[in-house]
Amino acid sequence: MRIVVKVGTSTLTHATGRIRIRHVEGLCKVLSDIRNAGHELVMVSSGAIGMGVGKMNLQQRPDDMPSKQAMAAIGQCELMYFYDRLFSEYSHVVAQLLLTGEDLREEKRRTNFINTIFRLLELDAIPIINENDTVATEEVFVGDNDTLGALVAESIQADLLVILSDIDGLYSADPRIDPTAELIPVVRELNPDILAFAGGKGSSLATGGMATKLNAASICMKAGTDMIIVNGAHPEILYRVIDGEPVGTRFIGRKPE
Ligand code: GLU
């Protein structure tokens, strides 16, 4: 299988912006094992701004663009430094790709990106993608990494996009507030009932929320790629995802007739 795994800021960092060592170590171990089993793996990782905030000991995520971009520049190094070290423990090589929306929209740049990814996969490297936050202003950005994950999955015709989140999947209501909220195991169509389940964003350092995840699902489903939302707190869940067990919420990609 060709799998894109998107990991969010809330899985990677504590509320302080400092790295969640347990999650990140576990994740790199499981992903290395999945790669060893022969699957093609591409990561889309958030966390640059959050880790920049943690490294600089700021009290909160800044709002102004230059400060956010500066935090991304600082945090992206820290992020890749961790990935590089942890994946090397399992003899894997990582590669950093920083993209903006324009790189995926403009044909020539998109082709270059796709060629690079495929070459990296041939070389047995693990591409790790993030938005190029230091230059991505509103006119050119993708805006959130759920959507970026879906655009990457679509571009490389992945079989599956896994979104590791701080929630177990899509619920009928916000389970943090409403005890009657039910997990939706499978979504075959993004009808108005499903779209109504999208709430606000999850944590103070992160960008996405259920709305961006449903947007990502819409891109994947049209491209014929399955997408699954699972809780990233226990990375071993990825083994169950690969084995096709019913975990989290699976959005079924439309397969050609
Ligand atoms: N690119 C942002 C970062 O690395 C995250 C965007 C997102 O999580 O959607 O901090």
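Residues take their numbers from the sequence shown, with the count starting at 1. Order of listing sets the numbers, starting from 1, for every ligand and every atom in it.
Each of the atoms 9 (O) of ligand 1 lies under 4.0 Å from some heavy atom of Asp144. Ligand-side atoms of ligand 1 in range of Ser46: 4 (O), 5 (C), 7 (C), 8 (O), range being under 4.0 angstrom from any heavy atom. Annotation for ligand 1: atoms under 4.0 Å from non-hydrogen atoms of Gly47 are 3 (C), 4 (O), 10 (O).
No heavy atom of Gly8 sits closer than 4.0 Å to any atom of ligand 1.
When only interatomic distances are considered, the shortest N/O to N/O separation between Gly50 and ligand 1 does not fall below 3.5 Å. Inclusion of Ile49 in the set of residues having an N or O under 3.5 Å from an N or O of ligand 1 is warranted. In terms of N/O distances under 3.5 Å, ligand 1 is not approached by Arg61. An N or O contact shorter than 3.5 Å is missing between Ser45 and ligand 1 by distance. At least one N/O-N/O distance between Asn130 and ligand 1 falls below 3.5 Å.
Proximity of Asp133 to ligand 1, defined as any heavy-atom pair under 4.0 Å, is confined to the side chain (atoms from C-beta onward).
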Original post:
Are Lys68 and Asp63 close enough, and set up right, to give a salt bridge (charged side-chain N to carboxylate O under 4.0 Å, His left out), and what steps lead you there?
Top reply: CA-CA 7 Å; Lys68 270 199 275 189; Asp63 284 330; over 6 Å; no

Original post:
Could you walk me through whether Ser218 and Asn215 pass the side-chain hydrogen bond (donor to acceptor under 3.5 Å, both in side chains) check?
Top reply: CA-CA 5 Å; Ser218 154; Asn215 182 42; 5.0 Å; no

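Asp124 and His92 share no side-chain donor-acceptor pair at under 3.5 Å. For Asn145 and Asn130, the side-chain atoms include at least one donor-acceptor pair closer than 3.5 Å.
Salt bridge present: Glu122 and Arg119 bring a charged side-chain N and a carboxylate O closer than 4.0 Å. Between Arg2 and Asp159 there is no salt bridge, since none of the side-chain N atoms of the basic residue sits less than 4.0 Å from a carboxylate O of the acidic one.
Among all heavy-atom pairs drawn from Leu170 and Ile194, the shortest one is CD2-CG2, 3.9 Å.
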